[in-house]
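Only one structure is covered here, and it is reproduced in the block below.
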Amino acid sequence: MGKQHTRPADSRDMYAVHAMFRREFGAPPALIRRVTAHDRARAQIVADHVTLLVDLLHVHHRSEDDHCWPKLASRGPQDVAPIVELMRSQHQVVDAALQATERRTARWRASATAEDRDALADTIDGSLPPLGEHLEARSRGCSHCSGQSTEMRPIQGFL
């Protein structure tokens, strides 16, 4: 039987990942609104960027759902059950917002109209509060995954 690793994981990189998601998801509404109606070439470029961000967040959450939450739950079920449940429920809310963003992005990509442009920007704007709440809660809770203290701080000079 293989040797089990008892050293906690270093989850400080979550600060960088979550800072990236907060920054990058905050930018598209303004980028989208600056695209002139019927400018299909520019709409395609911006829509590709939105799609990339959505896909990255889907992969990130899938990885947490498949790897982090089961491991966390096995390490201290009573202590961490509320955190795991909160993260899972927030993933559902964020996933619904991402799916709406995907639908709006596809419409705008096909039409490049001002109406679809503005609807996409508004959809992303509406997703920012629940996404921000989730990323903040996840950053506070990631220390439980690693076994570090509950008050983690970013690496000095890194962020």
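These figures come from a predicted structure and were not determined experimentally.
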Kindly list each side-chain donor-acceptor pair under 3.5 angstrom involving residues 118-130, sequence neighbours excluded, with atom names and distances?
| residue | atom | partner | partner atom | Å |
| --- | --- | --- | --- | --- |
| D122 | OD1 | R33 | NH2 | 2.6 |
| T123 | OG1 | A119 | O | 2.8 |
| D125 | OD2 | R33 | NH1 | 3.0 |
| D125 | OD2 | R33 | NH2 | 2.8 |
| S127 | OG | I124 | O | 2.7 |

Side-chain heavy atoms nearer than 4.5 Å, only ILVMFWY residues, links allowed to pass through others: does that put I45 and V35 together? no
So do the side chains of V93 and H134 get within less than 4.5 Å of each other, counting heavy atoms only? no
Filter on ring pair (Phe, Tyr, Trp, His ring centres under 6.0 Å), then keep only pairs touching residues 23-56, sequence neighbours left out; what's left? none
So L57 and L53, side-chain contact (heavy atoms from CB on, under 4.5 Å) or not? Walk me through it. CA-CA 6 Å; L57 190 52; L53 292 176; over 6 Å; no
Going by the rule side-chain hydrogen bond (donor to acceptor under 3.5 Å, both in side chains), which residues pair with Q44 if we only count those two or more places apart in sequence or in a different chain? D48
CG of L56 to CD of E24: how many Å apart, nearest 0.5 Å? 9.5 Å
Around atom CD of Q99, are there more than 12 heavy atoms of other residues, nucleotides or ligands at under 6.0 Å? yes
How close do R88 and P70 get, counting heavy atoms only, and between which atoms? NH2-N, 4.4 Å
What about V94 and L52, same hydrophobic cluster or not, with Ile/Leu/Val/Met/Phe/Trp/Tyr joined at side-chain heavy-atom distances under 4.5 Å? yes
Heavy-atom nearest pair, R40 first then A112, reads CG-CB, 3.8 Å
The side-chain contact (heavy atoms from CB on, under 4.5 Å) partners of A114 (sequence neighbours excluded) come to A37, R117
From L135, L131, D13, residue fulfilling side chain to side chain contact (heavy atoms under 4.5 Å, CB included) relative to H18: L135
Counterpart residues, side-chain hydrogen bond (donor to acceptor under 3.5 Å, both in side chains), relative to D65 (two or more places apart): W69, H91
So which pairs with a foot in residues 50-59 pass side-chain hydrogen bond (donor to acceptor under 3.5 Å, both in side chains), sequence neighbours left out? T51-R109, H58-D95, H58-E102
Hey, could you give me the CD/NZ distance between E64 and K71, rounded to the nearest 0.5 Å? 13.5 Å
Please examine the side chains of W108 and V50, heavy atoms only from C-beta on, and report whether any two atoms are closer than 4.5 Å. no
Tell me, do R104 and T101 make a side-chain contact under 4.5 Å, heavy atoms counted? no
